[in-house]
Amino acid sequence: MRISQLLLPTEREAPADAQALSHVLGVRAGLVRQLGAGLWTWLPAGWRVHSKITQIIREEIDAIGGQEMLMPVIQPRELWAKTGRDGIDELFSLSDRKGSDLVLAMTHEEAVTFHVSQVVRSYRDLPLILYHFQTKARDEPRPRAGVLRTREFIMKDSYSFDRDQDGLEHSYQLHIQAYDRIFERCGLEWYRVEADVGVMGGSGAHEYMAPCPAGENEVALAPGYATNVEVASATPPPADLPARLDAPAEVETPGAKTIEQVGAALSLPPSALLKAFPVVTDSGRAVMAVVRGDHRVNEFKLRAVLGEQFHPASEEQISDLIGPPGFIGPVATELDVLLDLAVAEQPGGWVCGANRPDLHLLGVEPGRDFDFEAADIRSVEAGDLVDGQPIRIETAIEVGNIFKLGTRYSEPLGAVFLDQDGCEQPIVMGSYGIGPARIAAAAIEQNADEAGIAWPRAIAPWQVELVVLGKPGTAERDAAESLYAELQDAGVDVLFDDRDAGPGEKFTDAELLGCPLRLTIGKRSLESGSLEAQARRGQVELAAVKLGDGTVAAVRELLTTLP
RNA sequence: CGGGGAGUGGCGCAGUCUGGUAGCGCACCCGGCUGGGGGCCGGGCGGUCGCAGGUUCAAAUCCUGUCUCCCCGACCA
């Protein structure tokens, strides 16, 4: 491809509103452009990256027996009513000219299960792995960070259909193999972490996380341990507690409403305090969640323990049900107390609100002074221990997920088969997603430098950018033209900067776009009968390659050494 | 949904407080010079100032409404 004929709108300056690096560089390098909030166009160079990623995914899903197909984005709302997902806020809804209710699919469990339910009759028809690359539409409340969270995006989603749980385990393991290979081939730094299964249940889930600053997720990591902080558990360093008392003692804490203020007023560390977090569930139950003062309530864990969705109690509810906000605690309250394990498992006297204005209690002991149910309801912190090893926490982009669905969709949609004994059984399903756009964004984030993007070779828009210096009609131009033709004939994936522009502009654009290998032909190199080869990153800095019969072979050889 | 910010040429911005011919840099077009890191000179094109009402002799500027976009939070099956 010649840059003179390519739509590659590079920008010297970043879009004013861009924050994330992948957003800034994606726009500056001419890969993507925004059409509206969360709506992004892939320009030719960006689409090449996207296509290379989808091809890698296709090869690896094919390799585990996946069968590619294609299902519509526009779907009958009725289908979604059957699985109870028609009430989701993110679901785009529309109707046609006849008034029929339609939705834009956010995923394709309903559609694929509908078809499988019609076609699969016998255990002999199973197992199956079906997949497609298709646009997903989600009315996100807040799209952000360029292509990282959009309202319309392409996803590879595959679905496994098995006779039983063992079959699902096998399909799940196959996907782990394929996914590990996909992210490795794409050149990402990645982790496979244990994930939350959500309110809809399911028997297991993992997420693939690519660490980078723009990520929306946090993962807890230790040697041999990788888990989404949403579900991570670890042992905290013990709290620094004062001497125990025979009974709780009131202490005046005027105006001290926060953990910090109370700790300062009493000269105690935050860990000696109890933090009360009253919540009201969707069914109307009020519960007081209690964690250590230096810990935070984990809403995913709490939701799992409560078994339903909840929201924090309002100030009015706290005043009505418990006491003055800022001075509440688990002693002598009407509410059920859910006590975090970190507190429940460490004997001693704690400090908590007295449920009266400007008063706290010292020496409060769970069990002696209040009844409780114990559960792990806190978020892990950096430095907590797993198997004796301290964990660290990194932000990351979720680039893929795998999920054991079970019969969540097969039952409402009647996807059943007859087993060997002639008994009707629900098909056991799994679903597996990957966002190619997020892989591209993560690759940018993980590999960029001050000059721009530095693509991993496997997903670069072009393997080689050939830069010619000097004005049209010169010997440099002739040499570059013939090398370009030779590289193309040899099947090398090459972008040719043949523009009538200065060297500064060409080099700067090349570094911004980030192809792994840059070849330069100019007067200087030509005089020595060679061209210059420069790696965008990695060990090969700058090398001279002789121009002649062996040039193409030498370039190919050089490419294989690049990351 | 809550909080904050922004809409002026393709991009980045000034002008708005204090109403009076719509500006700057880059990009773009033409000519010339230059040719190994966004170079130089000259000449040009391009904007209903997000939209709709209102006030006024006069509105980018003041008032009312509305739309859009961004950031933080909530949310994220």
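Remember, it's a predicted structure, so these values are computed and weren't measured experimentally. Numbers restart at 1 for each chain; the letters A, B, ... are given by sequence-line order, proteins then strands. Quick note: numbers below take in every heavy atom, side chains included, and nothing from hydrogens, waters or symmetry partners.
- Within residues 131-143 of chain A, the residues that place at least one heavy atom under 4.0 Å from RNA chain B are, in residue-number order, A/Pro141, A/Arg142, A/Pro143.
- Note: CD (A/Gln19) to C1' (B/C72) measures 10 Å, nearest angstrom.
- In terms of position on RNA chain B, the residue among A/Ala20 and A/Glu299 whose nearest nucleotide sits closer to the 5' end is A/Ala20.
- Taking NZ of A/Lys301 as the start and CD of A/Glu299 as the end, the distance is 13.0 Å to the nearest 0.5 Å.
- Distance noted for atom C1' between B/G46 and B/C29: 10 Å (whole Å).
- Look at CE on A/Met106: it is 12 Å from C1' on B/C75, rounded to the nearest Å.
- Closest contact between the side chain of A/Pro15 and the listed nucleotides B/G12, B/C69, B/C72 involves B/G12.
- When the C1' atom of B/C76 is taken as reference, atom CZ of A/Phe92 falls 14 Å away, rounded to whole Å.
- Side-chain contact annotation: A/Lys156 with A/Ser158, donor-acceptor N/O pair under 3.5 Å present.
- The aromatic rings of A/Trp47 and A/His50 sit parallel, their planes meeting at an angle under 30°, below the 60° perpendicular limit.
- A donor-acceptor pair is defined here as one N or O able to donate and one able to accept, closer than 3.5 Å; no such pair exists between the side chain of A/Asn217 and the backbone of A/Ile397.
- Note: CZ (A/Phe403) to P (B/C76) measures 14 Å, nearest angstrom.
- Taking atom C1' on both B/C67 and B/A14, the two are 25 Å apart, rounded to the nearest angstrom.
- Taking atom CZ of A/Arg303 as the reference point, atom C1' of B/A74 lies 14 Å away to the nearest angstrom.
- Taking atom C1' on both nucleotides, B/G53 is separated from B/C75 by 36 Å, rounded to a whole Å.
- Under the ring-ring contact (aromatic ring centres under 6.0 Å, His included) criterion, A/Phe161 pairs with no residue, sequence neighbours left out.
- Between the CD atom of A/Glu90 and the C1' atom of B/C75 there is a distance of 7 Å, given to the nearest Å.
- The neighbour count for A/Arg2 CZ, taken as heavy atoms of other residues, nucleotides or ligands under 6.0 Å away, is above 12.
- Taking atom P on both nucleotides, B/C13 is separated from B/U66 by 28 Å, rounded to a whole Å.
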### Query
Would A/Arg438 and A/Ser22 satisfy side-chain hydrogen bond (donor to acceptor under 3.5 Å, both in side chains), going step by step from the backbone distance to the final call?
CA-CA 10 Å; A/Arg438 286 186 169 185; A/Ser22 55; over 6 Å; no

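- Take the nearest nucleotide of RNA chain B for A/Glu230 and for A/Ala37: the residue whose nucleotide is more 5' is A/Ala37.
- Taking the P atom of each, B/U56 and B/G10 are spaced 34 Å apart, rounded to whole Å.
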### Message
Can you build the contact string for nucleotides 23-42 of chain B? Use B for base contact, S for sugar-phosphate-only contact, and - for no protein heavy atom under 4.0 Å.
### Response
--BS--------BBBB----

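- Straight-line distance from the CE atom of A/Met155 to the P atom of B/A77: 12 Å, rounded to whole Å.
- Atom CG in A/Leu148 sits about 14 Å away from atom P in B/C70, given to the nearest Å.
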